[in-house]
A.B. asks: 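Got a structure for you, questions after.
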Amino acid sequence: MMQISDSYNQRNSLFNAMNRFIGAVNNMDQTVMVPSLLRDVPLDEEEEVKTISPIRTASNGSAVYFQDGDMYNYYVLLKSIRNDIEWGVLQADDRRKEKMGVTALDISRIESDDDDLEKQFHYHLTGLHTVLSKLTRKANTLTNRYNQEIGIRGCGL
């Protein structure tokens, strides 16, 4: 009985979730030979058109738009997250702080909130595991959709 419980817990470990995600993104990256074919293709077959919404403002003041469900944007996002996991988030955090204008005072306020570190750890661990699972499903869905798109286009030629 202990063996089953241990294997279940190991399967749900953060380490294994990260490995599943990285493996799914690596598979996606090896499968997608021409990423530009992913542009303007919805990730979900049912969602042909979704709204286009601004996600941030460029340095010149114009809005940068992200089309929800666009396979190319998911492809770039998933690869970026994989790189952050593999190479560390310090560089990515520094880039984000520069973009957002986060100051050292803001960081010290965040870090000084040490009331219940265990509770914070479990909260973030659960959230990270959930997000990694969703991202893994997105990577697998993108890989499958790419194969379908290529297969459909290949048969018509």
A.B. asks: Any side-chain donor-acceptor pair under 3.5 Å between Asn16 and Ser13?
C.D. replies: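 Yes, because at least one side-chain N or O of Asn16 sits under 3.5 Å from a partner of the opposite role on Ser13.
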A.B. asks: Taking the side chain as C-beta and beyond, is there a heavy-atom pair between Leu38 and Leu142 under 4.5 Å?
C.D. replies: yes
A.B. asks: Taking all heavy atoms of Tyr72 and all of Pro35, pick out the closest pair and write down the distance.
C.D. replies: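 The answer is CD1-O, 3.3 Å.
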A.B. asks: Using a 3.5 Å distance criterion without hydrogens, assess whether the side chain of Asn27 forms a donor-acceptor pair with backbone atoms of Gly23.
C.D. replies: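 Pair absent, no side-chain N/O of Asn27 close to backbone of Gly23.
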A.B. asks: Compare every heavy atom of Ala24 with every heavy atom of Thr143, then report the nearest pair and how far apart it is.
C.D. replies: OG1-O, 4.4 Å
A.B. asks: If I take atom CG from residue Leu78 and atom OG1 from residue Thr136, how far apart are they, to the nearest 0.5 angstrom?
C.D. replies: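 Leu78 atom CG to Thr136 atom OG1 measures 8.5 Å (nearest 0.5 Å).
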A.B. asks: Group every Ile, Leu, Val, Met, Phe, Trp and Tyr by side-chain heavy-atom contacts under 4.5 Å, then state whether Ile85 and Phe15 land in the same group.
C.D. replies: no
A.B. asks: Evaluate salt bridge (Lys or Arg N to Asp or Glu O under 4.0 Å) for Lys79 paired with Asp29, printing each intermediate quantity in order.
C.D. replies: CA-CA 8 Å; Lys79 284 183 62 168; Asp29 202 18; 3.3 Å; yes
A.B. asks: Check whether His129 reaches the backbone of Asn12 with its side chain - one donor and one acceptor, N or O, closer than 3.5 Å.
C.D. replies: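 At least one qualifying donor-acceptor pair exists.
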A.B. asks: Which pair of non-hydrogen atoms, one from Met33 and one from Gln30, has the smallest distance, and what is that distance?
C.D. replies: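 Heavy-atom minimum between the residues: SD-O, 3.3 Å.
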A.B. asks: Has Asp70 got a side-chain atom pairing as donor or acceptor with Arg39's backbone, closer than 3.5 angstrom?
C.D. replies: no
A.B. asks: Minimum heavy-atom separation for Met71 and Tyr146, please, with both atom names.
C.D. replies: CE-N, 3.7 Å
A.B. asks: With a 3.5 Å distance limit and no angle check, can you tell me whether Arg145 reaches the backbone of Pro42 through a side-chain donor-acceptor pair?
C.D. replies: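 Flag set: sc Arg145 to bb Pro42 pair under 3.5 Å.
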A.B. asks: Can you check whether Met28 reaches Val25 side chain to side chain, under 4.5 Å on heavy atoms?
C.D. replies: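 Met28 vs Val25: side chains touch.
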A.B. asks: Going from CD1 on Ile81 to CD on Glu86, what distance comes out if it is rounded to the nearest 0.5 angstrom?
C.D. replies: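 If I round to the nearest 0.5 Å, the distance is 12.5 Å.
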A.B. asks: Just wondering, do Leu37 and Ile150 contact through their side chains at under 4.5 Å, heavy atoms?
C.D. replies: yes
A.B. asks: Sequence neighbours left out, what passes salt bridge (Lys or Arg N to Asp or Glu O under 4.0 Å) with Lys138? Give chain and number order.
C.D. replies: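 Counting only residues at least two positions away or on another chain, Lys138 forms no salt bridge (Lys or Arg N to Asp or Glu O under 4.0 Å).
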A.B. asks: When you measure from the side chain of Thr130 to the backbone of Thr126, do you find a donor-acceptor pair of N or O atoms at a distance under 3.5 Å?
C.D. replies: yes
A.B. asks: Please round to the nearest 0.5 Å and tell me the distance separating atom CZ of Phe21 and atom CG of Leu132.
C.D. replies: 6.5 Å
A.B. asks: Side-chain contact test, heavy atoms from C-beta onward, threshold under 4.5 Å: evaluate it for Leu125 versus Leu14 and give yes or no.
C.D. replies: yes
A.B. asks: Please answer: with hydrophobic residues joined when any side-chain heavy atoms are less than 4.5 Å apart, are Val131 and Tyr123 in the same cluster?
C.D. replies: no
A.B. asks: What residues form a side chain to side chain donor-acceptor pair (under 3.5 Å) with Arg82, not counting sequence neighbours?
C.D. replies: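 Per chain and number, Arg82 pairs via side chain to side chain donor-acceptor pair (under 3.5 Å) with Asn26.
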